[in-house]
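All remarks here apply to the structure that follows.
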Amino acid sequence: MILLENIEKTYGAGETATTVLQGINLKIEEGEFVAIMGPSGSGKSTLLNILGTLDVPSRGKYLFLDTEVGTLSQDQRALFRRHILGFIFQGYNLLKKTTSLENVEIPLIYQGLGVKTCKMMAYEALKKVGLEDRIFYEPGQLSGGQQQRVAIARAMVAHPKVLIADEPTGNLDTKRGHEIMELIATFNKQGITVIMVTHEEDIAAYASRTIYLRDGMIEKEVNRAS
Amino acid sequence: MLRNAFFQALREIRRNLMRSLLTAIGIVIGIASVIAMVNIGKGASKSITQSVEKLGSNTLYIMPGQQRGPGNRGAIEIPFKKKDLETLRSSLYALEAISPVENASMTIIYKDQNYRTNIRGVENDYLVAQNWNLQEGRAFDKSELRTGQNVCIVGQTVIKTLFAPSELILGKRIRLKNFSCEVIGILEAKGANTFGSDQDDILLVPFSLFQRRISGSDNIHLMIAAVKENIPLVEAKVQIERLLRERRRIDSANEDNFSVRSMTALIDTISEVTTILTIMLGAVAAISLVVGGIGIMNIMLVSVTERTREIGIRMAVGAMAKDILIQFLIESIVLSGLGGIVGVVLGVAISFGATLWLDIALVIDPAITMIALLFSMLIGIVFGIIPARKAANMNPIDALRYE
Ligand SMILES: Nc1ncnc2c1ncn2[C@@H]1O[C@H](COP(=O)(O)OP(=O)(O)OP(=O)(O)O)[C@@H](O)[C@H]1O
Ligand SMILES: [Mg+2]
C-alpha cells in the first residue's frame with residue numbers, strides 16, 4: 001500500500017545543510033503493524049512526518065496505492081490526511097480548555113458532517129477507548145493516559161486507513177503504555193495499518209515488523225512471526 | 001462549517017473574555033459614537049426645523065440695512081416708515097398679512113405687582129402672521145390701531161404672574177411707565193421657542209401706541225409678513241425686494257439697503273451647520289473605528305501565534321488552509337461584530353439620554369444602525385485578514401513543533 005523509494009530529507013542549505021534521511025526504501029502492506037526504532041536523532045520522526053504528509057521529502061518518491069503523494073498540492077495533502085490518516089503524538093496534542101468530546105469532533109467537522117452526527121460518532125469513539133464518562137472533561141482534568149486515549153479516539157473517529165503514532169507511550173508509565181498499546185493493537189486487528197515510532201523494545205513487540213534506523217538509513221528490519 | 005466556525009469563535013472569545021472585551025472596546029466606542037452623533041445631529045435639526053416651522057415657514061422678515069454675517073450690518077440703514085408698510089400691504093397680492101413689530105422690555109404694574117416683561121407694538125396682522133389665536137377677548141379695532149389708544153393684549157405668563165387664578169382679566173387696566181392700558185384680549189399659550197425663551201411672556205399694544213409712548217419715533221425697524229399659502233416664498237420675497245428698491249430708488253448698480261429674510265433660510269443655515277458638525281464628528285468616530293480595527297488585528301495576531309500548536313493539530317487532522325483562514329476570519333468578524341452590536345446599543349442609549357438632556361427629538365436612524373453593524377463586520381474582515389492568512393499559511397509540521 002505504501003512505497004517509499006530513495007526518500008531523502010535535508011534541512012538547511014549550503015555549509016549548514018544536514019541530511020537527516022539518506023535514501024530510505026520501504027514498503028508497507030495494508031493491515032501491517034510497523035514499528036520504527038533507532039537512536040535519538042536518527043530521523044524516525046522525520047520519516048513518520050513524511051509518511052503523514054505533514055512534511056515533504058527533499059528527494060525520492062512516495063507512493064500511496066497508486067497515488068504519487070509528492071505531486072499532491074497542499075490542499076490535496078490536507079484531504080489525504082482528513083480521509084486516510086489518523087495521528088497520535090507523544091505529547092497528546094489535544095486542544096487546551098476544550099472538552100474530550102469537542103477534541104474528538106474536530107476531524108469530523110472538517111469532513112463536513114452534521115452537528116448531531118459529529119457528537120454521536122465522537123461519543124462512540126470515546127466509548128471505544130473507555131472514556132464515555134469523561135466526555136465533558138478538559139485535558140487539564142485528565143491523566144496522561146486518559147489524554148492519550150482521547151487522542152486515540154480523535155485519531156480513529158473518522159475511520160482512517162492508516163494510523164501514524166510518534167512515541168504514543170513516550171510520556172506514560174509502563175502500565176498505561178501497555179493499555180494504550182492494547183487499544184492500538186485492537187484497531188490493527190480490525191484492519192487498520194499502523195506505523196509507530198518507539199524507543200522501547202516491549203512496545204515495539206506489538207508490531208509485526210520493526211525497522212531500525214541509524215543516521216537516516218535503514219540499518220535492519222526484523223519480522224516477528226505472529 | 002461556517003456555523004461551526006461561528007460557535008467556535010464564540011467559544012474562543014468566551015475563553016479569553018477579558019482580552020476580547022478590551023479588544024472590542026475600540027469598536028464599541030467607535031460605533032457608539034457614530035450612532036450617537038448621527039442620531040443626535042438628526043434629532044437636533046429635526047427639533048429646530050419643527051420649531052422654526054411652528055414660527056411659520058411662510059413668514060418673511062423685512063428689515064432695514066443689509067446683514068452681512070451675524071451682527072454685522074451694512075453702513076447705510078434707513079428705517080421704514082408707515083408709508084412703506086401701507087404700500088406693501090396694498091400692492092402685494094402675495095402677502096396674506098403684514099405687520100410692523102417693535103420690542104421693548106419694560107416693567108408693568110398691576111395693583112401692587114411689578115413685573116418686567118416684553119412690550120411689543122404690533123398690528124392685528126402680527127397675530128395672523130404668527131398664527132396666534134386669542135383665547136379670550138378681541139383683537140385691536142381699526143381706530144385703536146390708527147390713533148394708538150390705550151389697549152393691550154396679554155400673554156399667558158403675564159396673566160399668571162399678575163392676576164389671581166379666578167380673577168376677571170378683560171377690562172382691567174395695567175400700568176406702564178408713563179401710561180396705562182386696558183386689557184382687551186388674552187393670547188393662547190405658545191410655550192418656549194426654539195431658543196428656549198418664553199413666548200407667552202408678552203404684552204401686545206397697538207403699534208401706533210408703541211411709537212407714541214415708548215419709542216417716540218415713527219421709524220419701523222421690522223416688518224413681519226405672511227405669504228399666501230399657494231405662493232412660493234421666494235416669489236413673494238422677490239416682489240417685496242423689487243417694490244422696496246423702487247420706493248427707495250436703488251439702481252441696479254447698488255445693493256439693497258434692506259433685507260428680506262425667511263425662516264427657511266435659517267433652517268438651511270442650521271442644517272448646513274449640523275451637517276458639517278455631523279461629518280466632522282463622524283470623521284472622528286471613523287478614526288476611532290480604524291484604531292479599534294488595528295486593536296483587533298493586534299490581538300488576532302497574538303492569538304494566532306499563541307494558537308500555532310492548535311493550528312498544527314487542525315492541519316494534521318485534515319484542515320485545509322482555507323478552513324483555518326475562515327476560522328480566524330470569522331473569529332475577528334464575530335469579535336468586531338459583537339463590538340458593533342454593543343456599540344449600537346450604547347449609541348442608541350446615548351442618543352436617548354441626549355434627547356432627554358438636550359430636549360430634542362429622538363431620532364433612531366435605521367439606515368445608520370445597519371450601516372454601523374455591517375461596517376463593524378467589515379472592519380473584522382479588513383483587519384482580520386492579515387492574521388487569518390498568517391494562520392492559514394503555516395506549515396503543518398512547523399506549527400505542530402512550535403513551542
Ligand atoms: N526543522 C528542522 N531543522 C533542522 N534540523 C532538523 C529539523 N527537524 C529535525 N531536524 C534534525 O533532524 C534530525 C532527526 O530528527 P528527528 O526528530 O527525526 O529524530 P528522531 O529520530 O525522531 O529523534 P527522537 O528519538 O529524539 O525523537 C535531528 O538531528 C534534528 O536535529
Ligand atoms: Mg522523534
Side-chain angles (χ1 to χ4, degrees), chain A residues 9 11 45-46 48-57 72-99 102-115 118-119 138-139 151 153-158 160 164 166, chain B residues 1-21 299 302-331 334-335 388-403:
Chain A
K9 179 72 185 179
Y11 285 113
S45 295
T46 308
L48 207 62
N49 290 331
I50 287 171
L51 283 166
T53 73
L54 295 172
D55 207 351
V56 285
L72 297 181
S73 71
Q74 200 157 343
D75 280 351
Q76 285 170 321
R77 272 184 276 138
L79 289 175
F80 179 71
R81 293 193 292 271
R82 183 183 295 182
H83 295 286
I84 311 283
L85 304 183
F87 286 91
I88 308 173
F89 305 93
Q90 175 177 0
Y92 322 130
N93 271 342
L94 298 175
L95 297 197
K96 276 176 266 171
K97 294 192 190 170
T98 305
T99 65
E102 287 166 349
N103 261 296
V104 176
E105 265 183 339
I106 296 169
L108 301 172
I109 290 168
Y110 289 120
Q111 299 222 345
L113 299 174
V115 178
C118 288
K119 294 245 180 288
E138 292 172 3
R154 183 182 63 195
M156 301 307 299
V157 71
I164 290 181
D166 195 350
Chain B
M1 189 60 227
L2 279 180
R3 206 185 113 112
N4 223 292
F6 176 74
F7 286 115
Q8 170 69 30
L10 283 183
R11 254 194 309 240
E12 213 48 63
I13 286 167
R14 213 179 47 213
R15 214 165 276 168
N16 287 309
L17 195 57
M18 197 60 192
R19 184 162 92 184
S20 306
L21 286 179
I299 222 65
V302 170
S303 176
V304 165
T305 309
E306 276 180 0
R307 285 153 69 196
T308 302
R309 223 5 200 276
E310 172 189 334
I311 294 163
I313 295 168
R314 288 180 179 276
M315 285 176 160
V317 302
M320 291 198 271
K322 77 159 200 277
D323 297 320
I324 302 291
L325 185 89
I326 287 171
Q327 183 193 336
F328 280 91
L329 204 49
I330 287 198
E331 204 169 308
V334 168
L335 191 58
R389 286 184 62 129
K390 187 184 167 202
N393 288 339
M394 280 181 186
N395 187 2
I397 189 64
D398 295 340
L400 267 173
R401 285 229 187 104
Y402 185 83
E403 294 298 334

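Every chain is numbered from 1 and lettered A, B, ... according to where its sequence line falls, protein lines coming before strand lines.
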No hydrogens needed, just list the donor-acceptor pairs between chain B and chain A under 3.5 Å.
from: B/Arg11; atom 1: NH1; to: A/Glu102; atom 2: OE2; distance (Å): 2.8
from: B/Arg15; atom 1: NE; to: A/Lys97; atom 2: O; distance (Å): 3.4
from: B/Arg15; atom 1: NH2; to: A/Lys97; atom 2: O; distance (Å): 3.1
from: B/Arg309; atom 1: NE; to: A/Asn93; atom 2: OD1; distance (Å): 2.8
from: B/Arg309; atom 1: NH2; to: A/Asn93; atom 2: OD1; distance (Å): 3.1
from: B/Arg314; atom 1: NH1; to: A/Tyr110; atom 2: OH; distance (Å): 2.9
from: B/Met315; atom 1: O; to: A/Arg81; atom 2: NE; distance (Å): 2.8
from: B/Met315; atom 1: O; to: A/Arg81; atom 2: NH2; distance (Å): 3.2
from: B/Gly318; atom 1: O; to: A/Arg82; atom 2: NE; distance (Å): 2.9
from: B/Gly318; atom 1: O; to: A/Arg82; atom 2: NH2; distance (Å): 2.9
from: B/Asp323; atom 1: OD2; to: A/Arg82; atom 2: NH2; distance (Å): 2.9

Subject >> Residue, of B/Pro396, B/Gly312, B/Ala319, that accumulates the most heavy atom pairs under 4.5 Å with chain A >> reply: B/Ala319

Subject >> Partner of B/Val317 under side-chain contact (heavy atoms from CB on, under 4.5 Å), chosen from A/Leu85, A/Ile109, A/Ile106 >> reply: A/Ile106

**OP:** Name the region of A/Ile164, side chain, backbone, both or neither, that has any atom closer than 4.5 Å to a heavy atom of chain B.
**Re:** neither

**OP:** Measure distances from A/Phe89 to the heavy atoms of chain B and classify the residue's part below 4.5 Å as side chain, backbone, both or neither.
**Re:** side chain

Subject >> All side-chain contact (heavy atoms from CB on, under 4.5 Å) counterparts of A/Ala155, not counting sequence neighbours >> reply: A/Ile88, A/Leu163

